[in-house]
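The block underneath contains the structure these notes are about, expressed in structure tokens.
These numbers come from the heavy atoms of this one structure, side chains and all, not from hydrogens, waters or symmetry mates.
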Amino acid sequence: MQKEYTTGEIARLCGVTKRTVQYYDKGKIVIKVSKSRTVDLVKICKEGEALYPQYSEPWIVFDRDQVKDFDGIIKNAEQNGIHAGWSNPCLEIWLYVYFGNMPNIQDSVSCCNRFATEYEKRTGQKYDKTEKDLYKKL
């Protein structure tokens, strides 16, 4: 699944102004979403970079969770000129901020479960990490 975002969409998702995004990007930020094993992200990113050379600053971003060979993945990315970012333990820890708090949760399973409970309590809907309009509901 791939989606391209405009600077305006990125600004809304990140809670910043479009001007801020443009300052850092000087144009258009393109995010390619790839569902794959974390260990394969560098390979997929390199393939995308070859197909789309206009994307000058490749990144892989993933949940820290319980990724095997985490350090090896980061090292592989660096050796291939790819930046790496991760959420620790998982993306849901950052989604808590939309509700005004950021609890100290060390493992991804607990974090996801607690966020899902909080999300349902506040929105009346079940949490689905892959939901297209998730950020609009937060």
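With Ser87 contributing its side chain and Pro89 its backbone, the two residues share no donor-acceptor pair below 3.5 Å. Using modelled atom types, no side-chain atom of Asn88 and backbone atom of Arg64 make a donor-acceptor pair closer than 3.5 Å.
We find that Asp40 and Lys43 are not joined by a salt bridge, their nearest charged nitrogen and carboxylate oxygen being 4.0 Å or further apart. A salt bridge between Lys121 and Glu118 is present, with a side-chain N of the basic residue lying under 4.0 Å from a carboxylate O of the acidic one.
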- Item | side-chain hydrogen bond (donor to acceptor under 3.5 Å, both in side chains) between Asn104 and Gln106, intermediate numbers included | CA-CA 7 Å; Asn104 183 8; Gln106 299 300 315; 2.5 Å; yes

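Among residues two or more places apart in sequence or in another chain, the ring pair (Phe, Tyr, Trp, His ring centres under 6.0 Å) test is passed with Tyr127 by Phe115, Tyr119. Every ring pair (Phe, Tyr, Trp, His ring centres under 6.0 Å) that Trp59 has, sequence neighbours left out, goes to His83. Remark: Asp107 pairs with Val109, Ser110 by the side chain to side chain contact (heavy atoms under 4.5 Å, CB included) rule, at least two apart or across chains.
The CG atom of Asn76 lies 8.0 Å from the CD1 atom of Ile60; values are rounded to the nearest 0.5 Å. The CH2 atom of Trp94 sits 11.0 Å away from atom SG of Cys111, with the distance rounded to the nearest 0.5 Å.
Residues Leu41 and Ile73 have side chains not in contact (no heavy-atom distance under 4.5 Å, counting atoms from C-beta outward). The closest side-chain heavy-atom distance from Asp69 to Val39 is not below 4.5 Å.
Under the 4.5 Å side-chain heavy-atom criterion for grouping Ile, Leu, Val, Met, Phe, Trp and Tyr, Leu95 is not connected to Val61 through any hydrophobic cluster.
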